[in-house]
Number of protein chains: 2
Amino acid sequence: MTLSEEDYIKAIYHIGKGENTTVSTNSVAEEMDTKPSSVTDMVKKLSEKGLVNYKPYKGVSLTEHGQKTALTLVRKHRLWEVFLVEKLDFSWDEVHEVAEQLEHIKSEKLTDSLDKLLGYPEVDPHGDPIPSKKGEFKKAIKKLLSEVPIGKSGVCVGVKDSSAPFLKFLDKNNIALGDAVLVMDKEEFDGSLHIRIGDRDIHISQQIASNLYLKITE
Amino acid sequence: MTLSEEDYIKAIYHIGKGENTTVSTNSVAEEMDTKPSSVTDMVKKLSEKGLVNYKPYKGVSLTEHGQKTALTLVRKHRLWEVFLVEKLDFSWDEVHEVAEQLEHIKSEKLTDSLDKLLGYPEVDPHGDPIPSKKGEFKKAIKKLLSEVPIGKSGVCVGVKDSSAPFLKFLDKNNIALGDAVLVMDKEEFDGSLHIRIGDRDIHISQQIASNLYLKITE
DNA sequence: ACAAATTTTTAGTTTTGTCTAAATTTAATT
DNA sequence: AATTAAATTTAGACAAAACTAAAAATTTGT
């Protein structure tokens with residue numbers, strides 16, 4: 001597999017979780033499924049291009065330019081995800097792979113027109129915020145369902161575990177992004193929950209609840 | 001520049017003008033702005049993969065598999081062009097470069113959903129036909145406007161006379177490449193035409209009509 | 001049909017991204 | 001502080017795609 005500069009930038013951004021932190025070459029290698037020595041080589045090149053700051057043995061961070069590049073990629077990725085779900089009837093667990101390809105298309109006009117077509121969405125189908133053209137972010141206040149106190153409610157906006165089995169479980173149990181959730185009760189000894197979702201009451205294990213993100217509404 | 005297998009397939013297809021002809025390595029090199037020796041190398045590889053037929057010194061042609069690949073690329077390219085014009089307000093002459101990138105996105109579901117979203121269009125914004133999912137399509141027919149029968153429509157794709165006065169005339173009368181034209185009526189004695197272009201009806205002299213090329217769409 | 005011109009391929013080199021294995025630097029432990 | 005362990009880089013090699021220049025096959029012109 002041959003990886004692009006953009007793939008490296010993205011990995012560095014994601015490991016730093018959007019903060020402008022310094023990350024290790026090892027962690028980048030692991031994230032990208034490649035070898036640390038390959039990362040070192042590429043990082044040198046990116047450094048020469050002014051996209052990252054790099055001091056041998058001291059890790060990598062994105063320059064301002066690099067951050068802009070990363071945010072543009074995130075913006076494009078999430079806009080395409082919205083497009084696929086809203087306009088092409090993809091389900092929210094099918095979009096990632098395709099968006100991964102589409103995010104590399106180079107055309108500012110395309111991105112901006114897409115944004116307009118979609119009505120300037122603020123979040124993607126997974127509940128993650130979409131950076132504006134200028135790269136501004138509204139940070140969503142997200143909590144794991146397992147950490148939401150009894151009586152509080154919110155909107156299901158994302159998952160921590162995005163593996164196919166977990167996504168399938170949610171689908172089977174009719175739990176989807178955008179669903180309103182009310183935490184009704186909690187079993188102290190096993191952490192399982194009683195929740196109201198849509199018009200039905202269901203029981204959720206601690207394991208499930210700790211992989212579902214809610215945006216608290218009340 | 002590093003070219004993909006798909007780029008080679010596409011070039012071979014285009015040089016053969018859609019017919020399954022044998023083309024020279026030299027012509028492929030010229031089309032792709034690369035060197036004949038590079039073409040030889042790649043063509044060998046494509047041959048091993050069963051995408052082209054290749055005999056040294058005898059030229060290349062697409063296998064059935066290669067043709068399918070080429071048609072899928074054409075289909076995707078033209079569907080994306082329609083999308084860009086219809087949904088994102090791109091103009092006629094801005095779409096090619098972006099579609100050139102989008103055509104490489106791999107997802108059958110994406111292509112088919114896009115087709116559906118666009119209402120299963122039969123031609124792209126340049127009046128070129130869009131292959132069906134099975135790879136079937138009618139060949140584009142280019143005719144002088146003066147030779148288009150009453151009732152037929154097409155897309156304005158070129159001029160025979162490219163003199164300044166003629167181009168000025170077109171501009172003044174708001175006739176541009178990419179415009180859809182419907183031939184409504186024809187005066188027998190002077191060959192002048194009544195046409196519908198965009199949302200207006202206009203009268204065109206025989207002289208003008210015999211210098212404008214249309215690609216027949218229906 | 002034969003020599004000249006053209007086309008196409010082959011051989012050898014370059015570039016780019018990757019890998020393995022060895023060397024080096026940094027971090028951890030006692 | 002010295003030794004060991006872990007992380008990171010360097011050095012050397014490989015694979016893929018491309019290029020240059022030389023060799024070989026084909027085509028053309030007489």
Side-chain angles (χ1 to χ4, degrees), chain A residues 1-17 20-63 66 69-70 73 100-101 103-104 106, chain B residues 1-17 20-63 66 69-70 73 100-101 103-104 106:
Chain A
M1 191 53 182
T2 176
L3 301 159
S4 69
E5 292 184 1
E6 287 187 339
D7 291 326
Y8 279 91
I9 302 267
K10 227 178 35 160
I12 294 165
Y13 179 86
H14 277 129
I15 295 166
K17 291 177 184 274
N20 192 13
T21 56
T22 295
V23 306
S24 72
T25 45
N26 246 13
S27 61
V28 175
E30 195 173 344
E31 166 91 6
M32 300 183 74
D33 223 357
T34 185
K35 302 295 169 187
S37 56
S38 304
V39 176
T40 301
D41 287 346
M42 181 58 88
V43 144
K44 279 182 190 164
K45 203 172 86 175
L46 291 175
S47 177
E48 269 161 29
K49 289 201 175 182
L51 289 161
V52 303
N53 306 115
Y54 170 63
K55 287 284 175 197
Y57 298 102
K58 298 303 182 185
V60 219
S61 64
L62 296 175
T63 62
T69 302
L73 283 170
E100 204 76 0
Q101 299 177 60
E103 72 188 4
H104 294 295
K106 280 163 188 53
Chain B
M1 189 52 183
T2 175
L3 301 159
S4 69
E5 290 183 1
E6 286 187 340
D7 291 325
Y8 280 91
I9 301 267
K10 227 178 34 161
I12 295 166
Y13 179 86
H14 277 130
I15 296 165
K17 290 175 183 276
N20 191 15
T21 57
T22 296
V23 306
S24 72
T25 46
N26 246 13
S27 62
V28 175
E30 194 172 344
E31 166 92 5
M32 300 184 74
D33 222 359
T34 186
K35 303 294 169 186
S37 54
S38 305
V39 177
T40 301
D41 285 347
M42 181 58 88
V43 145
K44 279 181 190 165
K45 203 171 84 175
L46 291 175
S47 177
E48 268 160 30
K49 289 200 176 185
L51 289 160
V52 303
N53 305 116
Y54 170 63
K55 287 284 176 198
Y57 297 102
K58 298 303 181 185
V60 219
S61 64
L62 296 175
T63 62
T69 302
L73 282 169
E100 204 75 0
Q101 299 177 60
E103 73 188 4
H104 294 295
K106 279 162 190 52

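Just the heavy atoms: all of them, side chains too, but no hydrogens, waters or symmetry mates, feed the values below. By convention in this document, chain letters (A, B, ...) are assigned in the order of the sequence lines, proteins followed by strands, and residues within each chain are numbered from 1.
A straight line from NZ of B:Lys49 to P of D:dA16 spans 10 Å, rounded to a whole angstrom. Protein atom OH of B:Tyr8 is 8 Å distant from nucleotide atom C1' of D:dA18, rounded to whole Å. One can place CG of B:Asn26 at 18 Å from P of C:dA5, the figure rounded to the nearest angstrom. Protein atom NZ of A:Lys55 is 13 Å distant from nucleotide atom P of C:dT26, rounded to whole Å. Going from atom CE of A:Met1 over to atom P of D:dC14 covers 24 Å, rounded to whole Å. Across the protein-nucleic acid pair, A:Leu3 atom CG and C:dG17 atom P stand 10 Å apart, rounded to whole Å. C:dT14 atom P lies 17 Å from atom CG of B:Asp41, rounded to whole Å. Look at CG on A:Asp7: it is 12 Å from P on C:dG17, rounded to the nearest Å.
Where A:Met42 and B:Gly59 meet DNA chain C, the nucleotide closest to each residue was compared, and B:Gly59 sits on the side nearer the 5' end. If you find the closest nucleotide of DNA chain C to B:Ser24 and to A:Ser4, the one lying nearer the 5' end belongs to B:Ser24.
For the pair B:Glu6/B:Lys106, a side-chain contact is recorded, criterion being any heavy-atom separation below 4.5 Å from C-beta on. The shortest distance between side-chain heavy atoms of A:Tyr13 and A:Leu62 falls below 4.5 Å. Between A:Met1 and A:Met32 there is no side-chain heavy-atom pair separated by less than 4.5 Å. Using a 4.5 Å heavy-atom cutoff, the side chains of B:Thr69 and B:Lys10 are not in contact.
One finds no side-chain N or O of B:Lys45 lying less than 4.0 angstrom from the OP1 or OP2 phosphate oxygen of D:dA16. At D:dC19, one or more side-chain N or O atoms of B:Thr34 fall inside 4.0 Å of OP1 or OP2 (strictly under the cut-off). At least one side-chain nitrogen or oxygen of A:Thr25 sits closer than 4.0 Å to the OP1 or OP2 atom of D:dT9.
Using modelled atom types, no side-chain atom of B:Thr25 and backbone atom of B:Thr40 make a donor-acceptor pair closer than 3.5 Å. For the pair B:Thr63 (side chain) and B:Leu51 (backbone), a donor-acceptor distance under 3.5 Å is present.
Residue B:Pro56 is in sugar-phosphate contact alone, with no base atom involved, counting any heavy-atom pair closer than 4.0 Å across all strands shown.
With distances taken from any side-chain atom of B:Thr2 to the nucleotides D:dA17, C:dT18, C:dT9, the minimum falls on D:dA17.
Heavy-atom neighbours of A:Glu30 CD from other residues, nucleotides or ligands within 6.0 Å: at or below the threshold of 12.
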Could you go through nucleotides 20-24 of chain C and list every protein N or O atom that sits under 3.5 Å from one of its N or O atoms, giving the distance for each pair?
{"unit_1": "C:dT20", "atom_1": "O4", "unit_2": "A:Ser37", "atom_2": "OG", "d": "3.2"}

